[in-house]
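Here is how names work: the chains are called A, B, and so on, in the same order as the sequence lines, proteins then strands, and each is numbered from 1. Keep in mind it's a predicted model, so treat the numbers as computed, not measured.
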Protein chains: 2
Amino acid sequence: MKRKVTLKQIAKELDVSISTVSRALSNSKEIGEETRQKIQAFAKFYNYKPNNIALSLKNRKTKTIGILIPEIVHHFFSTVIRGIEIIANQRGYNVIIGLSNESFSKEVINMEMLANGSIDGFILSISKETLLHQDYHHFKETISQGIPIVMFDRVVNDIDCDKVIVDDYNGSVNAVKKLISTGCKNIALITTMDYVSVGKLRTQGYLQALEESKIHPKASLILKLDDSLALEEHLDVLEKEIEQFFMNNEKIDGLFAVNELYAVTAMKVARKLNLNIPEDIQVIGFTDGVLSKHARPSLTTISQHGQKIGEQAAHLLIDRLELDDEEDDIEEVDFERDMNFKTVVIETELIERDSTK
Amino acid sequence: MKRKVTLKQIAKELDVSISTVSRALSNSKEIGEETRQKIQAFAKFYNYKPNNIALSLKNRKTKTIGILIPEIVHHFFSTVIRGIEIIANQRGYNVIIGLSNESFSKEVINMEMLANGSIDGFILSISKETLLHQDYHHFKETISQGIPIVMFDRVVNDIDCDKVIVDDYNGSVNAVKKLISTGCKNIALITTMDYVSVGKLRTQGYLQALEESKIHPKASLILKLDDSLALEEHLDVLEKEIEQFFMNNEKIDGLFAVNELYAVTAMKVARKLNLNIPEDIQVIGFTDGVLSKHARPSLTTISQHGQKIGEQAAHLLIDRLELDDEEDDIEEVDFERDMNFKTVVIETELIERDSTK
DNA sequence: TGTTAACACGCAAACGTTTTCGTTGAGAAT
DNA sequence: ATTCTCAACGAAAACGTTTGCGTGTTAACA
């Protein structure tokens, strides 16, 4: 087992000083041609690579970004990660991942863990529990320590950071408009509780589309489901809830669901009730995952472009990190800095498949 | 922006030495009661947390493990990550993720990048390209540098490391036996090219099950697909290939597919050809993902227990890392060490749903 | 009173880098 | 002969920790 070779060892072996080795390897012209060649050859032979940790300590930056998400077995989130990773790698960064599992305390723990020097900045999506408690002190503290954050998808307004969000509102408006334009008169909505910001926005979009078409929304056409029902374990409960909902609203001819699972389950129920899709009832779901593509019939969805979100978030974060670098040199302009936080909106796209006319 | 406070700053502020602060915070009894209280109070007030990078440098271990996988937008892999993350967190480790995107060079680059001090050990699944080239020098080099590796799912034999594998062979045997026992006479197989070890094993299992039942395998009943067809982009091509396959083999009454996508697509084709599932043809797929659960009819699958795989892999790696710690102290027994690499086999489970009788 | 032990703390090395600021020697300029 | 100027290199600090060892003070002991 040959341990990694260090500058010190090379220096000793070649009977020069550490600084000479360091300079020779960085092609400094302060070092004589001959010595430089010798050192470089030796280093190459022993496959010298500078130790990242030592570099991190010296430069006070790790070149890694921390990703903090609620769940990883999830099409949308993993797509975002892929986007982040691509850009991060391109720009010389690594990614380290923390999972909150939708829990507030795990989010805090993970954050503190990584904030102690392990990462240069965060890209995160807030856990449901945090959103429910509305306790954002950990974000604020992290930021006040000089660690920038970029939030995506699930964001809150009162935090000073860059954000990348999906245009949930307009996406929903368009989806529902599509249903209206294809003749739906009684459009139902299956959504989540309001504290999840995206659920709220999608609900608002639904209402807006109805209003624009002078359709009066009916409370009975809106089904708000507890989030735990989204868990794969409670599939049967979810199914029954939706079935009950259908029974209570016999005239439903259009359905908009705020996620894929709700939509697909609703289709299953519709079929059970002998409703034909899209003839009797049209369905549109939010999030374009693998389910939508392979459902029967394939599901018309609103794509969120998760990868693009990740890429944008990564760019925003790294831009800010490298901007901070320059500011460190100049050492001024502290006042105007909080002004220019951006919020990038990623447009959604309606992907039409067989569940709509 | 208040930067994180360091030992040095505390020492200066309280007019003691750095060592005193360090010891006071670790509750050393070498420090007087009064001083200790004072320092601890001060540290708590300023929310002192030791800098991970500095600790890593000093201890020569980072308490992070590197995960290297071909793809993250993938149910199985993300499940494994979840398993790893859970155990890692429990045992005080972080995880850093690298994506090879099934490319050899990206795998090598990522590996070298992380091996330079960023991580203590790897958990990885080999990329297809690497498997194809059969070039494993980067694994060997990493290991020879004293960085342990745990491979999962896609493994190769001639590398000295712990492994966690799925019982692909027996899983397949059982699946095909199930088909036989429910009356299938002409069982087809849809698989991948042989260089992906798991595909090969699953094919062997299929053959074994046939043989045990004295059924002669027919080459015409085996469809080997190029891997690129697994990509979501080529769905239509995949569909046509399978349709052609069905046309050529009219008597197929059972089908075993080595992944979910093949199975679901085959069901789609079967339906198109007016075959009823499971009456006319039964289908079983490998990998229990979200598709299987929501397909119509729901798909009988072989579950790989991805999370369990991740958990096991994490335990194996961390056990070895902490065992290495002790050996560093003792400084001996270098010879017997390569003997005790474990290969843990995670049993599969046949999850029966509606695509089989 | 002199010796000693316990106590409470500081110094400095070490982890592996980069970089600033010397220092040395030789040849050129005065 | 003396000063100056480079070229070529080394020493040491710094990043933030931990820890072995040294040291000064005090109190207890003979």
Side-chain angles (χ1 to χ4, degrees), chain A residues 3-40 42-43 46-64 115-120 145-146 325 328-329, chain B residues 3-40 42-43 46-64 115-120 145-146 325 328-329:
Chain A
R3 267 210 149 10
K4 296 229 69 170
V5 60
T6 70
L7 287 186
K8 188 192 283 195
Q9 292 169 29
I10 299 183
K12 190 173 182 180
E13 212 69 26
L14 263 43
D15 209 43
V16 292
S17 79
I18 296 181
S19 18
T20 301
V21 179
S22 176
R23 274 189 269 254
L25 293 179
S26 59
N27 269 318
S28 161
K29 50 189 163 9
E30 278 196 78
I31 303 301
E33 183 61 22
E34 196 184 357
T35 328
R36 202 196 318 171
Q37 297 286 345
K38 187 178 60 175
I39 293 178
Q40 290 191 356
F42 191 92
Y46 282 100
N47 192 27
Y48 170 80
K49 295 275 167 51
N51 180 303
N52 282 332
I53 297 292
L55 283 179
S56 296
L57 184 58
K58 177 130 228 333
N59 301 331
R60 291 143 128 255
K61 68 186 54 133
T62 61
K63 289 273 184 181
T64 58
N116 294 320
S118 302
I119 54 98
D120 295 340
Q145 281 173 18
D325 285 0
D328 280 355
D329 296 346
Chain B
R3 267 212 143 25
K4 296 229 69 171
V5 60
T6 70
L7 287 186
K8 188 193 280 197
Q9 292 169 28
I10 299 183
K12 190 174 183 180
E13 211 70 26
L14 263 45
D15 208 45
V16 291
S17 79
I18 296 181
S19 21
T20 302
V21 178
S22 175
R23 273 188 266 255
L25 293 180
S26 59
N27 267 320
S28 160
K29 50 190 161 15
E30 276 195 78
I31 305 299
E33 182 62 20
E34 198 184 354
T35 328
R36 201 196 317 170
Q37 297 286 346
K38 188 179 58 178
I39 293 178
Q40 290 192 357
F42 190 92
Y46 281 100
N47 192 27
Y48 170 80
K49 294 274 168 52
N51 180 303
N52 282 332
I53 298 291
L55 283 179
S56 295
L57 185 58
K58 176 133 227 337
N59 301 331
R60 295 144 127 257
K61 66 186 56 133
T62 60
K63 288 273 181 181
T64 60
N116 294 322
S118 302
I119 53 98
D120 295 340
Q145 280 172 18
D325 285 0
D328 280 354
D329 297 345

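The nearest whole Å value for the distance from the CD atom in B:Glu34 to the P atom in C:dC7 is 17 Å. Summarising the geometry, the separation between CG on B:Asn116 and P on C:dC15 is reported as 18 Å, rounded to the nearest angstrom. Rounded to whole angstrom, the span from the CD atom of A:Gln37 across to the P atom of D:dA8 amounts to 13 Å. In this structure, CZ of A:Arg3 is placed 12 Å from C1' of C:dC15, rounded to the nearest angstrom. Spacing between atom CG of B:Leu14 and atom P of C:dA8 amounts to 17 Å, rounded to whole angstrom units. If you measure from atom CD1 of A:Ile31 to atom P of D:dA7, you get 13 Å, rounded to the nearest angstrom.
In this view, A:Lys63 and A:Glu322 satisfy the salt bridge (Lys or Arg N to Asp or Glu O under 4.0 Å) rule, not counting sequence neighbours. Looking at residues two or more places apart in sequence or on another chain, you find no salt bridge (Lys or Arg N to Asp or Glu O under 4.0 Å) involving A:Glu34.
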With side chain to side chain contact (heavy atoms under 4.5 Å, CB included) as the test, would you mind laying out the steps for B:Tyr48 and B:Leu25 before giving the verdict? CA-CA 10 Å; B:Tyr48 170 80; B:Leu25 293 180; 3.6 Å; yes
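One finds no side-chain N or O of A:Thr35 lying less than 4.0 angstrom from the OP1 or OP2 phosphate oxygen of D:dA8.
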Can you build the contact string for nucleotides 16-24 of chain D? Use B for base contact, S for sugar-phosphate-only contact, and - for no protein heavy atom under 4.0 Å. BBBBBB---
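A distance of 7.5 Å separates OG of B:Ser19 from CD1 of B:Ile31, quoted to the nearest 0.5 Å.
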